[in-house]
Amino acid sequence: GSAARLVCRQARLHVSSAVRLGCTSRRPVLATTPRHTPPSPAMTGADQQPAGGPGDGGGEAEVEVEEFHGHAERRDTDAMSRQASLSMFRDIALDDLDQAAKEHLTEPQYISKNTDVPVVIVTSEISPWSKSGGLALVTASLAVELAERGHRTMAISPMYDNYENVTWLADKKIWLFNGEHVVKYFHQYHKLGETTGVDYIFVDHPCFHRPGGLYYNQQLGVEYADNLYRFALFCLAALEAPVTLAVGGVCYGDRVTFIGNDWQTALLPVYLTHRMRPSGRFTNSRCLFIVHNFGYQGIYPHNKLENNPDGPLPMVVKNVNISDFGLDNTGAYEHLVYQYPPEKRSYDGDDGHVWNLSKGAILTCDRILTVSPGYAAEMKTVEGGFSLEGLIKNKEFFLTGILNGIDVVAWDPANDALLAMQYDVASFEEGKKACKLQLQAKVGLQQDPDIAMLAFVGRLTMQKGIDMICEALDWLMVDTGNKVTGHVQVLLSGNGDQCHVDRINSIAGRWKGKLSFVAFDPQIEHMIYAGCDLLLMPSRYEPCGLPQMCAQRYGSVPIVTLCGGLKDSVIVEPLELATGFGILPLTNDKFKEVTYKALDTFYNQPEEFKAMQRRGMETDFSWCPRIDQYEEAIDWTLKDPPFVR
C-alpha cells in the first residue's frame, strides 16, 4: 500500500486567478481525479452471467468492482465537492424544472437552425437520480430546456441504484480492457408538452453500484480504483445508445449532437474521433464538451509501483496501455498522454507519463464550453489552465463561456412557502424585514429588523474564503464608534473542514446573539437569502457559483471576489448599475475594506442600497438566455466539419 501510494503524485491545482487576486493560500491537490492506480487488465475477474434486473450485468470478462484501497489516494472528503451552494444536494423535482423552463422572464432571442438534430447529453450525474454537486443540477436543467426548445433530447447517466419507474430497453456488449462487458439500458420518459419531452437513459452495470458515493467512498475518503474503467465503459455505452435504443419505437440515429460534461465523459469525443468516425459511424455527429471545473481533469498514471518480492525497493510496472482503451493503432495516444516535467515526478524511474482524459477531450471535441465567460478566460491562464492552458489558447476560437442559470421556480421569494412573508420587487422592504425576524428567531440571533445582517452559505473550505471571514469576525463585532462595525449580525451556515468548524464555534461563543453558526440545512438556506442583507462570497476561485444568483433574486446584496462566474453575475460598477460589491485583490485587508463599504452603504446610503437590491431582484438568472447561447453554439458546431479530420 505504501509503495502504491508513491504513484499518487500530488498534481497541484491552481487557485483560479490566484496571482491576479493576490491570494497566498496553498493550492489544493487534485480531488476527484488523483494520480492513483487505475484498473489494469490484471483486475479482470471471473466471468459473470447476464441477469435480468437493474443492477445485474454480465459478460465474458468483468472487471472487479471491489474498492482497491491500497492503490487509492486518501484525501479530505470535502475536496470532492464542486460548486458553492450546498442546496445542490437537494432533490430537484422534474416538474419544477419543467415549470421553470416555461416561466422565463424573457422570451428566447435565438432560433435554432438545427432543431431536427437530436441532442444527447452525457453526464456522470443528473438530478434527481444522482448528484454530488452542481453538475447534476446543470445537466438536468439543460435536458429540460433544450427539449422545451424543440430538440429531441436524450440524457444519459450511469445507473447507480435500482431506480423506480424505469423500463429495460436493451443489453449491449462493449469491448474494453481486453474483454467484452455487457451493459443494460433502462429508460424513463418525462413528458413536457404535447410533442416535447426528455428520454432519460440509465446505463446499468455492476461497477456503477457502490454504497459509498458516486466517485469515491465517502467514509474511507478514497476514490474507487476502477474509475477509469467505469467511465470509459460509460462513454462507450453512451455512444452506442442513439443507434441501439429504439426509444419510442425510433432510434435517435447517427446524426446527433453529443454534449459531454467534465472528466467523467472526457473519453466521449476521443472515442467518437478515433473509434467511431474512422469506421464510418457518427460522421455527421458533433460533440461539445462542457468544463464545469478544470481542476478535475481525469488524470491516471501509465505506471504504478508494486512491492518487490526480491528486494526492499518497489518495482515500476506498466499499468494501462492504449490498447486497454481499445484505441490501439489510432492517434488517440498523442491526444491522451501527458508528461509531467522532471520536477513534478514522484519517484526514481517515474517517466512522468499519465493519461489525462480532459486533455483528450479538449483536443478532440468539436467545441469547448464552460460555465461562465470569466472562467473561460481563466482557463487560458497559467493559474487556471492546470498545465493545459496552451491547448486552450490554441483552441480558443472554439471556446465559449456560458453562465449557468438557476431554477427560478424553486428560488422565487414571491412563491416561497418557507418564508414568513412572500414578497416581490414592490414589497421587498417589508418582506425582507419579516423574513429577517424569522431567521433571527430560527438561528438564535437577537431580533432586530433594522440591524445589518451578513451571511455565508457554503462549504467551510479555504476555496470559499471561510478563513478570511473568520479573520474578520471579531473586527465586525467590536463597536469602535464608527456606527458600522459592532452594529452587525453574522450568520454562517455550512459543513466542511473540522478546523474551520472549531474556529467558528470558538468565535461564536464570544458573540452570542450577534454571531450564529448552523450546519447546512436546505430550508434554512431559503430563509438566509430572504432574511440577510449581504451575502459573503470571498471565494478564491469559482467557475460559476449559484448562491450569488439566488441571493440577488431574494434581494440580498452579494460581496464577491471578482473571479470566474462571480464577476459575470454580480455587477459592481458603474454605481448606477451595481448589484453587489467586488473584492480585488483578495486579501484580508481588501475583504474588510469592501465589507465596510457595503455596511456603510446599508446604513448611510439606504436608498442606494435599496436600488442595488431592486436591480438584483430584476436580473434574469433563468436558463432562457443561456439556452439561446447553447443553441447558437450547437449551430456553430454542426455547421463546421469535425475538429479532428
Side-chain angles (χ1 to χ4, degrees), residues 22 24 428-430 432-457 465-493 500 503-518 528-538 551 555-562 570 572-573 575-576 578-614 616:
T24 58
F428 78 88
E429 293 182 50
E430 179 185 3
K432 285 188 70 66
K433 284 191 174 186
C435 292
K436 183 183 289 185
L437 291 171
Q438 175 194 27
L439 180 61
Q440 289 167 332
K442 184 77 174 178
V443 300
L445 294 172
Q446 297 172 4
Q447 289 195 283
D448 181 353
D450 298 316
I451 195 170
M453 182 186 288
L454 298 165
F456 168 87
V457 181
I466 190 63
D467 57 308
M468 286 198 168
I469 295 175
C470 289
E471 185 69 25
L473 287 176
D474 285 324
W475 167 76
L476 282 167
M477 295 292 105
V478 175
D479 186 350
T480 58
N482 56 31
K483 299 183 179 179
V484 174
T485 55
H487 301 269
V488 179
Q489 290 182 348
V490 178
L491 170 60
L492 307 177
S493 175
H500 298 308
R503 185 179 184 186
I504 295 169
N505 280 325
S506 174
I507 300 172
R510 299 197 291 268
W511 303 104
K512 292 182 179 179
K514 297 183 66 176
L515 171 59
S516 180
F517 172 48
V518 296
I528 290 173
Y529 295 141
C532 78
D533 302 295
L534 292 154
L535 181 77
L536 299 173
M537 286 190 71
S556 294
V557 176
I559 301 173
V560 302
T561 313
L562 295 177
V570 180
V572 300
E573 58 182 14
L575 184 60
E576 61 270 18
T579 61
F581 298 88
I583 309 166
L584 188 70
L586 184 59
T587 63
N588 285 323
D589 288 343
K590 192 65 176 180
F591 172 66
K592 290 180 180 180
E593 175 189 326
V594 174
T595 302
Y596 185 93
K597 177 182 177 181
L599 291 167
D600 182 69
T601 304
F602 175 86
Y603 279 119
N604 299 317
Q605 302 176 63
E607 293 307 313
E608 179 54 43
F609 192 87
K610 292 172 187 175
M612 297 176 75
Q613 293 176 288
R614 191 174 296 108

Next on the checklist: Could you tell me if the side chain of Ile507 sits less than 4.5 Å from the side chain of Phe517, heavy atoms only?
Outcome noted: no
Next on the checklist: Please determine whether the number of non-hydrogen atoms from other residues, nucleotides or ligands lying under 6.0 Å from atom CD of Glu573 exceeds 12.
Outcome noted: no
Checklist entry - Counting only N and O atoms by type, is there a donor-acceptor contact under 3.5 Å from the side chain of Lys592 to the main-chain atoms of Leu476? => result no
Checklist outcome for this item: Taking every heavy atom of Asp467 against every heavy atom of Arg503, the minimum-distance pair comes out as O-NH1, 3.8 Å
Checklist entry - Are any side-chain N or O atoms of Lys436 and backbone N or O atoms of Ile451, one a donor and one an acceptor, separated by less than 3.5 Å? => result yes
Next on the checklist: Quick one, Trp511 and Val478 - any side-chain contact, counting heavy atoms below 4.5 Å?
Outcome noted: yes
Item to check | Met477 to Val490 - nearest heavy-atom pair and separation | outcome: CE-CG2, 3.6 Å
Item to check | Flag if over 12 foreign heavy atoms under 6.0 Å of CD, Glu430 | outcome: no
Next on the checklist: Under a 4.0 Å threshold between the charged nitrogen and the carboxylate oxygen, would Glu607 count as salt-bridged to Arg614?
Outcome noted: no
Checklist entry - Atom CD of Glu429 and atom NZ of Lys610: how far apart are they, to the nearest 0.5 Å? => result 4.0 Å
Next on the checklist: I need the Lys442 NZ to Ile528 CD1 distance, nearest 0.5 Å.
Outcome noted: 11.0 Å
Checklist entry - For the atom pair CD (Gln447) and CG (Leu437), what is the distance rounded to the nearest 0.5 Å? => result 5.5 Å
Checklist entry - Got a donor-acceptor contact below 3.5 angstrom from the Gln489 side chain to the Met453 backbone? => result no
Item to check | All pairs passing ring-ring contact (aromatic ring centres under 6.0 Å, His included) where residues 593-613 contributes a residue, at least two apart | outcome: Phe602-Phe609
Item to check | Side-chain (Ser556) to main-chain (Cys532) donor-acceptor, under 3.5 angstrom | outcome: yes
Next on the checklist: Show the nearest heavy-atom pair for residues Leu575 and Glu608, with the distance to one decimal.
Outcome noted: O-OE2, 3.6 Å
Checklist entry - Is a salt bridge present between Lys483 and Asp600, judged by a nitrogen-to-oxygen distance below 4.0 Å? => result no
Item to check | Contact list for residues 504-514, test salt bridge (charged side-chain N to carboxylate O under 4.0 Å, His left out), sequence neighbours left out | outcome: Asp474-Arg510
Checklist entry - Is any side-chain heavy atom of Leu454 less than 4.5 Å from a side-chain heavy atom of Leu599? => result yes
Checklist outcome for this item: So CG of Leu515 and CG of Leu492: to nearest 0.5 Å the spacing works out to 6.0 Å
Item to check | Shortest non-hydrogen separation from Gly616 to Thr579 and the atoms involved | outcome: N-CG2, 3.8 Å
Checklist entry - Does the side chain of Val570 come within less than 4.5 Å of Met537's, by heavy atoms? => result no
Item to check | Spatial distance of atom CG (Asp448) from atom NE2 (His487) [nearest 0.5 Å] | outcome: 11.0 Å
Checklist entry - At their closest point, which heavy atom of Leu584 faces which heavy atom of Lys590, and how far apart are they? => result O-CE, 3.2 Å
Checklist entry - Is the closest side-chain donor-acceptor distance between Thr480 and Asn482 under 3.5 Å? => result yes
Next on the checklist: Can you confirm whether Ile559 sits close enough to Pro538 that some side-chain heavy atom of one is under 4.5 Å from a side-chain heavy atom of the other?
Outcome noted: no
Checklist entry - From Leu491 CG over to Leu536 CG, what is the distance, rounded to the nearest 0.5 angstrom? => result 10.5 Å
Next on the checklist: On a heavy-atom basis, which atom in Ala551 and which in Leu535 lie closest, and how many Å separate them?
Outcome noted: CB-CD2, 3.7 Å
